[in-house]
Amino acid sequence: MKKCLIVGGSAAGMRAAATLVTGGYEGSVTVVDADPHAPYDRTMLSTGILTGAKKVEDAVLDVPNGVEHLRGIRAHQLDTANRIVRTDAGDLPYTELILATGGVAFLPEAWRGIEGIFTVRSLGDINALKEKLGTDSSVAIVGGGVLGMEIATSLVELCNRVDVIEAAELPLGRVLPVELGELLRNRAASYGVTLTCGVSVESIDRIANESQLTLSDGQRISADVVVVALGNRPATGWLTDSGLVIENGVVCDGQLKTNAPGVWVAGDLAMVKSETSASGRSEHWTRAGEHGAYIARAILAGEDEPEFSELSYVWTDVLGTRIQILGTLSTSRHVLIRNAADHEQLAVLAVTAENTVTGAAVLGWQRAALTIRRQLAQGASLEVLLAALPTHQLDDSTLTHV
Amino acid sequence: MKITIDGSKCVGAGNCEADMHEVFEVQDVGPTKVISQPAEDQRRLLEIIIGNCPARAIALEK
């Protein structure tokens, strides 16, 4: 009988498992996960779970009927020749293997073991952080990316003071175009977040129950609690001697296949090497789930599928604004448009030299995001896309040439 | 068969409306609305749409 083994029970792993069983996979489906908790939705950790607006039960993902879920069990070695994963609970054989161990929150070496410093990746991390927070707490968040800004947004409701220190000139710089990054930076103070951009944290010292952060511009910040949100590193440690190609993730082709037969890789762990826009490593929840579903479909089909090519989609709620990012923004030209009915709602379109729109970042304006998504799927030109959008104003003054 | 959207989870991504615009309608702000109930023979497509929702906000009641 076939045995599909999935290592990692988060977005990618659980989506793969669900797709396999609903698709009628003829064999057993086992998910093994090092996290001692039930599978849960990580996107809710830094938002609803942190503020307390959501209960842990709200974030729990269903384990579909027919899926064996082994929690609190760590995989520590992969033997691709004999198709066995060695775990705390013994050897698990497979006919097909999906690697989805995701990422580990990055914490610089020098800051490890210092009291009062937290990262946010798991439910355990959130519980530990919440225990230290009070209404009179001051919190310093190192890193103003999606996670750092989500945590800041959540903590302004709970704590006395929230500082964010971002090394780049703008927050969310990896996902947002400059125009929208500037807008968010300018909005931070009125939202209660003290955002300092363009400086890095040189050192953190713990003195008398308080963390002292020394910044690269000489400024000092003291905080009761420090949260480090500097992205994650792929959890490849257990695969070192597996024979798989490791290069900032497990290297795979456009079909998410690794160099070992019957072994796929999904989500944050995957370093995709292909000619498509899906190349590279992603740290986004939607991408992880799509990877899982794609691999499951390929396993069900039993033959090669067209390369993974889903349009990238990221959403976040930061400083009171819903942000949606679709496709790819790295084009020569950006065009800014505003909702005629509400100037706070806007979108930046990424346009190629051939006048094709490849992606967009949308602030608050969900209907525009939907139209753009549809048009992107059809490879629309700027003119066609603008004609399809809700009533809007083109902001000529902000046309930028990157 | 009844389709519901959990307004506390919906992010307005619009995958659902893109696939079934007669049932789902994204709003400018706030959660997507169910504007009509789907026909019984659309169950398979609905299951795919539910699987494609990035926020897992859609549920199908018998």
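Just so you know, these numbers come straight off a predicted model, no measurement behind them.
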> B:Ser8 versus chain A, heavy atoms under 4.5 Å apart: side chain, backbone, both or neither?
Replying inline: both
> For A:Trp365, is it the side chain, the backbone, both, or neither that has a heavy atom closer than 4.5 Å to a heavy atom of chain B?
Replying inline: both
> Once you round to the nearest 0.5 Å, how far does CG of A:Asp41 lie from NZ of B:Lys9?
Replying inline: 8.0 Å
>> For A:Tyr313 and B:Val11: C-alpha separation, side-chain torsions, deciding distance, then whether side chain to side chain contact (heavy atoms under 4.5 Å, CB included) applies.
In response: CA-CA 12 Å; A:Tyr313 175 71; B:Val11 297; 4.0 Å; yes
> Does A:Gln345 reach the side chain of B:Val29, with side-chain heavy atoms less than 4.5 Å apart?
Replying inline: yes
>> Quick check on B:Glu47 against chain A: is it the side chain, the backbone, both or neither that has a heavy atom closer than 4.5 Å?
In response: neither
>> Less than 4.5 Å to any heavy atom of chain B: does that hold for the side chain of A:Asp58, its backbone, both, or neither?
In response: backbone
>> Would you compute the distance between atom NE2 of B:His21 and atom CG of A:Leu370 and round it to the nearest 0.5 angstrom?
In response: 11.0 Å
>> So for B:Asp6, is it side chain, backbone, both, or neither that comes closer than 4.5 Å to the heavy atoms of chain A?
In response: neither
>> I'd like to know whether CD of A:Glu344 has more than 12 heavy-atom contacts from other residues, nucleotides or ligands below 6.0 angstrom.
In response: no
>> The test is side chain to side chain contact (heavy atoms under 4.5 Å, CB included); show your working for B:Glu17 and A:Gln366 and say whether it passes.
In response: CA-CA 12 Å; B:Glu17 182 178 327; A:Gln366 296 177 165; over 6 Å; no
>> Measuring only between side-chain heavy atoms, which start at C-beta, is B:Asp28 closer than 4.5 Å to A:Asn339?
In response: yes
>> Has A:Arg15 got a side-chain atom pairing as donor or acceptor with B:Gly51's backbone, closer than 3.5 angstrom?
In response: yes
> What's the spacing between A:Arg374 CZ and B:Asp19 CG if we round to 0.5 Å?
Replying inline: 9.5 Å
>> Quick check on A:Ala288 against chain B: is it the side chain, the backbone, both or neither that has a heavy atom closer than 4.5 Å?
In response: neither
